[in-house]
Asks: 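Could you have a look at this structure, given as structure tokens, before my questions?
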Amino acid sequence: MFTAIFGSVEAGAMYALMALGVYLSFRILDFPDLTVDGSFVTGASVAAVLIIGGTNPLLATLLATIAGFFAGCITGLLHTKGKINPLLSGILMMIALYSINLRIMGKSNISMLNQDTLITQMTDFWKSLKIDDAMQSLFHSIGLSNFIPKTWGILIIMLILAFVVKVLIDRFLKTDIGLAIRATGDNETMIRSFSANTDHLKVLGLGLSNALVALSGALVGQYSGFSDVGMGIGMIVIGLASVIIGEAVFGAKTIVRATFAVIGGAILYRIIVSLALRVEFLETGDMKLITAFIVVAALVIPKLIDLQREKQKKKRRLLASKQKINAKEKSGESLAAIKSDL
């Protein structure tokens, strides 16, 4: 159980970057961008091809991120300059990226199992710190030797990376350009009246969103040891599930809190899926069904809770009004009694 949850948290930290990208397009820009399903694979495929070709894994990951940025920018151009519906723009780019990703890889699947990747470099660096040895001795001393994972390095480094990206997004969204992007998503007509170029802002926002998605894809591909043309199917749903779950659990009153909620939501989503797959009658092929159920539950349950709270508030207000009426009637009766005595 602990091993499954640990692996879920580890994977959730990587997918949190993708969820942050979906948050930028879905919440900040109010743009339903389906490019995510394609740009996720673009990140993995570009990184895989470059790593196999002998490129430094860090440089390969950065180039994969840039490739995702350009994919998002093209989606933005299709919408802003081509005047294509936002949803259709994302669908068109997602379809185009399927063929582009096949062209990049040359085949449907590339293995990186015997290659030096960013994940292996992280693991080697962490081993050199000898922190795992200290943690193993600690777990042994308290009698929890059965719950020790092989290494804590990937989890801790990925969490640090996710929170570094979160802080950068928080700072960016408080700059003039970031505030303009947020205003574009809230009220495009208003921000355009202030002579802001909303087309450029949308293109930039979608580029940054898909850059994060591609970065996540590159890391997940190196973590899994392969890049597959179908590995991005359903990523937009997973990203939305992470955003919705995070907002439902942690709230989203401020940008800082919202981005933290997205990271927490990505990890919670992975844990929920991992626990659900341990149920006897569920199989690995049911993962998409589980995802759909999680999203529906995350959307419906908060609304039911809010509705119940509203009913309770109405009952309290009605009870308070009745008490006031009764108090007035009693005071009127006592006043009438005093007058009769006089």
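Small disclaimer: the values here were computed from a predicted structure and weren't measured. Starting from 1, each residue takes its place in the sequence as its number.
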Asks: Once you round to the nearest 0.5 Å, how far does CE of Met94 lie from OG1 of Thr75?
Replies: 10.5 Å
Asks: By the salt bridge (Lys or Arg N to Asp or Glu O under 4.0 Å) test, which pairs, at least two apart or in different chains, include something from residues 222-244?
Replies: none
Asks: Going by atom types alone, do Thr120 and Gln222 pair a side-chain donor with an acceptor below 3.5 Å?
Replies: no
Asks: If you apply the rule side chain to side chain contact (heavy atoms under 4.5 Å, CB included), what do you find for Ile255 with Ile28, and how did you get there?
Replies: CA-CA 10 Å; Ile255 292 295; Ile28 300 299; 3.9 Å; yes
Asks: For Arg27, enumerate each residue passing the salt bridge (Lys or Arg N to Asp or Glu O under 4.0 Å) test, keeping only those at least two apart in sequence or located in another chain.
Replies: Glu247
Asks: Measure the CG-NZ distance between Asn197 and Lys202 for me, rounded to the nearest 0.5 Å.
Replies: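 Nearest 0.5 Å value for the CG-NZ distance: 11.0 Å.
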Asks: Under 3.5 Å, side chain of Ser45 to main-chain N/O of Val41, donor-acceptor pair present?
Replies: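 Side chain of Ser45 to backbone of Val41: a pair is present.
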Asks: Nearest heavy-atom pair of Gly12 and Ala266: which atoms, and what distance?
Replies: O-CB, 3.7 Å
Asks: Do the side chain of Ser209 and the main chain of Gly205 share a donor and acceptor less than 3.5 angstrom apart?
Replies: no
Asks: Can you measure from NE2 (His79) to CG (Leu29) and round to the nearest 0.5 angstrom?
Replies: 9.5 Å
Asks: Could you give all pairs that pass the side-chain hydrogen bond (donor to acceptor under 3.5 Å, both in side chains) test and reach residues 254-271, with sequence neighbours left out?
Replies: Lys166-Thr259, Asp170-Thr259, Tyr269-Thr291
Asks: List the residues meeting side chain to side chain donor-acceptor pair (under 3.5 Å) with Thr42, not counting sequence neighbours, and say none if there are none.
Replies: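 Applying side chain to side chain donor-acceptor pair (under 3.5 Å) to Thr42 gives Asn101.
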Asks: Applying side chain to side chain donor-acceptor pair (under 3.5 Å), name anything that partners Asp30, two or more places apart in sequence or on another chain.
Replies: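 Applying side chain to side chain donor-acceptor pair (under 3.5 Å) to Asp30 gives none.
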Asks: Judged by modelled atom types alone, do Ser39 and Asn210 share a side-chain donor-acceptor pair under 3.5 Å?
Replies: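 Per modelled atom types, Ser39 and Asn210 side chains form a pair under 3.5 Å.
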Asks: Keeping Arg182 on the side-chain end and Leu173 on the backbone end, is there a donor-acceptor pair under 3.5 Å?
Replies: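 Checking the backbone N and O of Leu173 against the side chain of Arg182, a donor-acceptor pair under 3.5 Å is found.
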Asks: How are the rings of Phe163 and Phe260 set to each other: parallel, tilted or perpendicular (split at 30° and 60°)?
Replies: tilted
Asks: What do the steps show when you test Asn109 against Phe226 for side chain to side chain contact (heavy atoms under 4.5 Å, CB included), and what is the final call?
Replies: CA-CA 7 Å; Asn109 187 290; Phe226 68 91; 3.9 Å; yes
Asks: Got a list of side-chain donor-acceptor pairs under 3.5 Å for residues 230-244, not counting sequence neighbours?
Replies:
| unit_1 | atom_1 | unit_2 | atom_2 | d |
| --- | --- | --- | --- | --- |
| Ser242 | OG | Ile238 | O | 2.9 |

Asks: Under a 4.5 Å cut-off applied to non-hydrogen side-chain atoms, are Ile104 and Ile100 in contact?
Replies: yes
Asks: What closest approach, in Å, do Thr55 and Ala60 show between heavy atoms, and which atom pair accounts for it?
Replies: CG2-N, 4.1 Å
Asks: Counting C-beta onward and ignoring hydrogens, is there a side-chain heavy-atom pair between Leu206 and Thr35 closer than 4.5 Å?
Replies: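 Not in contact.
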Asks: Just how far is it from atom CG of Leu59 to atom CG of Leu118, taken to the nearest 0.5 Å?
Replies: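 One gets 11.0 Å once the value is rounded to the nearest 0.5 Å.
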Asks: List the atom of Ala261, the atom of Phe250, and the distance in Å for their closest heavy-atom pair.
Replies: CB-CB, 3.7 Å
Asks: Under a 3.5 Å threshold, yes or no: a donor from one side chain and an acceptor from the other, between Thr184 and Thr198?
Replies: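 Distance-only check fails for Thr184 and Thr198.
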Asks: Could you list the residues that satisfy side chain to side chain donor-acceptor pair (under 3.5 Å) with Gln115, not counting sequence neighbours?
Replies: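 With neighbours one apart ignored, the set is empty.
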Asks: How would you list, by chain and number, every residue that makes a side-chain contact (heavy atoms from CB on, under 4.5 Å) with Thr175, sequence neighbours excluded?
Replies: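 Thr175: side-chain contact (heavy atoms from CB on, under 4.5 Å) contacts with Phe172, Ile177.
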Asks: Dump the intermediate steps for side chain to side chain contact (heavy atoms under 4.5 Å, CB included) on Phe69 and Thr65, then the final yes or no.
Replies: CA-CA 6 Å; Phe69 177 82; Thr65 304; 6.0 Å; no
Asks: Can you check whether Met190's main-chain N or O pairs, donor with acceptor, with Ser193's side chain at less than 3.5 Å?
Replies: yes
Asks: Find the distance between CZ (Phe293) and CD1 (Ile272) and round it off to the nearest 0.5 Å.
Replies: 10.0 Å
Asks: Taking only residues two or more places apart in sequence or in another chain, which ones pass side-chain contact (heavy atoms from CB on, under 4.5 Å) with Asp124?
Replies: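 By the side-chain contact (heavy atoms from CB on, under 4.5 Å) rule, Asp124 matches no residue at all.
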Asks: Quick check: do Leu219 and Leu161 have side-chain heavy atoms less than 4.5 Å from each other?
Replies: yes
Asks: Got a sec, which pairs hit salt bridge (Lys or Arg N to Asp or Glu O under 4.0 Å) with one end in residues 73-82, sequence neighbours left out?
Replies: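 Those involving residues 73-82 are Lys81-Asp199.
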Asks: Once side-chain contact (heavy atoms from CB on, under 4.5 Å) is applied, do any residues pair with Tyr223, and if so which ones, sequence neighbours excluded?
Replies: Glu10, Met14, Ile119, Ile154
Asks: Taking it one step at a time, do Ser8 and Ile267 satisfy side chain to side chain contact (heavy atoms under 4.5 Å, CB included)?
Replies: CA-CA 7 Å; Ser8 300; Ile267 295 173; over 6 Å; no
Asks: Could you work out, with salt bridge (Lys or Arg N to Asp or Glu O under 4.0 Å) as the rule, every residue matching Arg317, not counting sequence neighbours?
Replies: Glu310
Asks: Atom CG of Leu77 and atom CE of Met93: how far apart are they, to the nearest 0.5 Å?
Replies: 10.0 Å
